[in-house]
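None of the values given here were measured: they were computed from a predicted structure. To find a chain, count down the sequence lines: A is the first, B the second, and so on, and within it residues start at 1.
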Protein chains: 2
Amino acid sequence: MKGRPIVFKNEEMVLKAQELFWEKGYTATSLSELSAATGAGAGSLYNTFKGGKKELFKKSLYQRKEDLEDFKTVLEKSDNPIELIKAFFLSVATESKKSHFKGCIVANTIVEMTFINEELGNDAIDILKETEKLYTRTILSEQKRGNIKSKIPAPVLARHLITLWCGINTLRRVYPDKEILRQQIELQLQIIK
Amino acid sequence: MKGRPIVFKNEEMVLKAQELFWEKGYTATSLSELSAATGAGAGSLYNTFKGGKKELFKKSLYQRKEDLEDFKTVLEKSDNPIELIKAFFLSVATESKKSHFKGCIVANTIVEMTFINEELGNDAIDILKETEKLYTRTILSEQKRGNIKSKIPAPVLARHLITLWCGINTLRRVYPDKEILRQQIELQLQIIK
DNA sequence: TTAATTTTGTATCAATCATTACAAAAAAGA
DNA sequence: TCTTTTTTGTAATGATTGATACAAAATTAA
C-alpha cells in the first residue's frame with residue numbers, strides 16, 4: 001500500500017481515549033487531552049477518526065461491547081454460568097481504588113448523555129440491554145436445569161442484576177472499600193438463588 | 001437599604017439553575033444557558049453569586065439537602081417510618097418520563113465529578129451519606145421496636161437502600177416504565193422486612 | 001436635591017473549544 | 001528517479017466558554 005506509514009494504531013488510540021472518556025466523561029474530555037494521551041496530533045486524530053471526538057467516543061464505548069462478547073463466550077463454555085456471574089459481581093469489590101472511582105463507562109454515559117446527546121446515550125443503553133439479555137438467557141436456562149429454584153421471572157432477575165450493577169458503580173465511589181462493597185453485593189446476589 | 005432594588009430573587013434563580021444542572025450536569029451547562037433560564041444577565045448572575053457557576057451549582061445541590069431535611073421531619077413525625085421510606089421508593093416508579101430521564105442530581109453529580117472537581121463531588125457524596133445516616137437511624141430504631149425482624153445490621157440495610165437508589169436512578173433512564181420500575185423496586189425492598 | 005449605594009444590562013475579555021487547512025514527511029508503484 | 005498516495009505535525013479557524021469592566025438605572029439616606 002502507498003503512503004506514509006501509520007504510527008498511531010487505531011486500537012491503541014481507542015484504548016487511550018477510552019481511559020480518558022471513562023474517567024472524565026464525553027463533555028469534559030477535550031481534544032487536546034485526547035491528543036496528549038494518545039500522542040497523536042489533530043492531523044492524525046482526524047485522519048484516523050473522520051467523525052472526530054464523537055466517533056472516537058463511540059469506538060471507546062463499543063470496545064466494551066466487545067468485552068461483553070468475550071464474557072458471553074466464557075459463560076457459554078461454563079457449566080455453572082450463574083456462579084461465574086456472581087463471581088464477576090463480587091470481583092468488583094476487590095478492584096483498585098481508581099477502578100472504583102471510574103465506575104462503568106456504560107452507566108456513566110447513560111447518566112451523562114440523556115439530555116446532551118441522545119445518540120450516544122442510546123448506544124450506551126443498547127450495551128446495557130445486551131448485557132441484560134445475556135443474563136436473562138443464562139438465568140432462564142439455569143432455572144430450567146434446576147440450578148436456580150427461584151420462581152421469580154428470569155427477566156426480573158436479570159434486571160435486578162442490571163440495577164445492582166448501576167447501583168454498585170455509584171456506591172463504589174462513595175465507599176471505595178472492599179469489605180463494604182462485598183457485603184452489599186453479597187446481600188443483593190442472594191436474590192438469585 | 002440603599003441601592004437599586006433586586007428583581008432576580010436568589011431562591012428562584014437557584015431553582016431555575018438546578019433544573020438545568022440536574023438535566024445536563026455541571027460541565028455541559030453554560031452560563032449563557034443559565035442566563036437564559038433565569039432571565040438574569042451576566043451582571044446580575046455574578047453580583048448574586050460571587051463564586052460564579054461553581055457557587056450556583058453548589059447552591060443547586062445544597063437545595064436537595066434541604067429537601068432531605070424536610071423528609072427527615074416527616075419521618076420523625078411518623079409512627080411507621082419504614083413504610084414511608086418504602087412508599088417513597090415506590091413513588092419513583094410513577095413519576096413523569098422527564099423525571100425518569102433526569103434521575104437524581106446528587107447521584108448524577110457523584111458520577112460526573114469524581115475526576116472533574118473533587119470538591120463538588122464530595123459535596124454530593126456528603127448528601128448521600130447524610131441520607132444513609134437517616135436510613136440507618138430509622139432502621140435501627142424500628143429493629144428495636146420489632147417492626148423489622150431482619151437481623152442484618154442496620155448500616156448494611158441502609159446502604160442497600162442507597163445502592164438501590166443509585167441503581168434505580170440509572171435504570172429509570174433505560175426503562176422509563178412504571179411497571180418495570182415498580183417490579184424491580186418491590187423486589188429489592190423485600191430485603192427490608 | 002444631591003450624594004451614596006446597589007443592581008442591572010451590555011460590551012468585552014482572554015482562554016479554550018472542536019475542527020479544518022495545508023505543507024512536509026514517508027512510504028509504494030510506475 | 002519521479003509520481004502518487006497517505007500520514008503526520010503545525011498553524012490556523014471561528015465559535016463558545018466563564019468571567020470581568022463599567023456605565024446606566026433605580027433606589028435610599030443625607
Side-chain angles (χ1 to χ4, degrees), chain A residues 1-14 16-21 23-61 109 112-113 115-121 123, chain B residues 1-14 16-21 23-61 109 112-113 115-121 123:
Chain A
M1 242 259 283
K2 275 186 190 176
R4 182 172 172 170
I6 292 171
V7 313
F8 302 104
K9 293 178 188 166
N10 191 300
E11 290 179 23
E12 291 171 13
M13 289 174 80
V14 168
K16 295 277 190 185
Q18 189 194 51
E19 193 182 345
L20 264 178
F21 283 134
E23 291 174 6
K24 308 189 62 176
Y26 179 80
T27 312
T29 303
S30 69
L31 258 305
S32 62
E33 287 175 298
L34 289 165
S35 190
T38 57
S44 296
L45 272 169
Y46 279 88
N47 186 58
T48 313
F49 306 98
K50 302 283 192 294
K53 187 184 180 183
K54 198 169 127 184
E55 187 191 337
L56 193 43
F57 186 84
K58 267 179 171 277
K59 295 265 161 69
S60 301
L61 198 59
T109 302
E112 180 185 1
M113 288 304 176
F115 288 87
I116 307 291
N117 189 313
E118 207 184 332
E119 184 190 350
L120 295 178
D123 282 352
Chain B
M1 245 262 282
K2 274 184 188 177
R4 183 170 169 169
I6 292 170
V7 314
F8 301 105
K9 293 179 188 166
N10 191 300
E11 291 178 24
E12 290 172 12
M13 289 174 82
V14 168
K16 295 278 189 184
Q18 189 194 52
E19 193 181 346
L20 264 178
F21 282 134
E23 290 174 9
K24 308 190 62 177
Y26 178 81
T27 312
T29 303
S30 68
L31 256 102
S32 62
E33 286 175 299
L34 289 165
S35 190
T38 57
S44 296
L45 271 171
Y46 279 88
N47 186 58
T48 312
F49 306 98
K50 301 285 192 295
K53 188 185 181 185
K54 198 169 125 184
E55 186 189 335
L56 194 42
F57 186 83
K58 266 179 171 276
K59 295 266 161 70
S60 300
L61 197 59
T109 303
E112 181 186 1
M113 289 304 176
F115 288 87
I116 307 291
N117 188 314
E118 208 184 331
E119 184 190 348
L120 295 179
D123 282 352

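- The residue B/A40 sits apart from the nucleic acid: no heavy atom pair falls under 4.0 Å.
- Taking atom CZ of A/F21 as the reference point, atom C1' of C/dA18 lies 11 Å away to the nearest angstrom.
- Residue contacts shown for A/S35 are absent, as no nucleic acid heavy atom lies under 4.0 Å away.
- Comparing B/K2 and A/I6 along DNA chain D, the residue whose closest nucleotide (by nearest heavy atom) sits nearer the 5' end is A/I6.
- Looking only at side-chain heavy atoms (C-beta outward), B/N117 and B/K54 come within less than 4.5 Å of each other.
- In this structure, A/K50 places its NZ atom 13 Å from C1' of C/dT20, rounding to the nearest Å.
- Residue B/E119 places its CD atom among more than 12 non-hydrogen atoms of other residues, nucleotides or ligands, all under 6.0 Å distant.
- Note on A/K53: a side-chain N or O is less than 4.0 Å away from OP1 or OP2 of C/dA18.
- Ring geometry for B/F57 against B/F21 counts as perpendicular: the plane angle is over 60°, on a 0 to 90° scale with 30° as the lower cut.
- Atom pair B/I116:CD1 and D/dG18:P shows a separation of 14 Å (rounding to whole Å applied).
- Considering only side-chain atoms of B/S30, the nucleotide from C/dT8, D/dT17, D/dT7 that sits closest is D/dT17.
- Proximity of B/T48 to the phosphate of C/dT7: no side-chain N or O atom is located under 4.0 Å from OP1 or OP2.
- Not one side-chain nitrogen or oxygen of B/Y46 sits closer than 4.0 Å to the OP1 or OP2 atom of D/dT20.
- Taking atom NZ on A/K54 and atom P on C/dT19, their separation rounds to 10 Å, with Å as the unit.
- In this entry the distance linking CZ of A/F57 with C1' of C/dC17 reads 17 Å, nearest Å.
- With hydrogens and angles ignored, the 3.5 Å screen pairs no side-chain donor or acceptor of A/K24 with any backbone N or O of A/S30.
- Judged by distance alone, the side chain of B/T109 and the main-chain N or O of B/G121 form no donor-acceptor pair under 3.5 Å.
- With rounding to whole Å, B/F8 atom CZ is found 8 Å from C/dT8 atom C1'.
- One can place CG of B/L34 at 11 Å from P of D/dT17, the figure rounded to the nearest angstrom.
- Ranking C/dA25, D/dG18, C/dA18 by closeness to the A/L31 side chain, first place goes to C/dA18.
- Checking B/R4 against B/G52, the closest nucleotide of DNA chain D that is more toward the 5' end is the one next to B/G52.
- Residue A/T29 is in sugar-phosphate contact alone, with no base atom involved, counting any heavy-atom pair closer than 4.0 Å across all strands shown.
- Taking the nucleotide of DNA chain C with the nearest heavy atom to each of B/M1 and B/G41, the more 5' of the two is matched to B/M1.
- A/K9 places its NZ atom 18 Å from the C1' atom of D/dT6, with the value rounded to the nearest Å.
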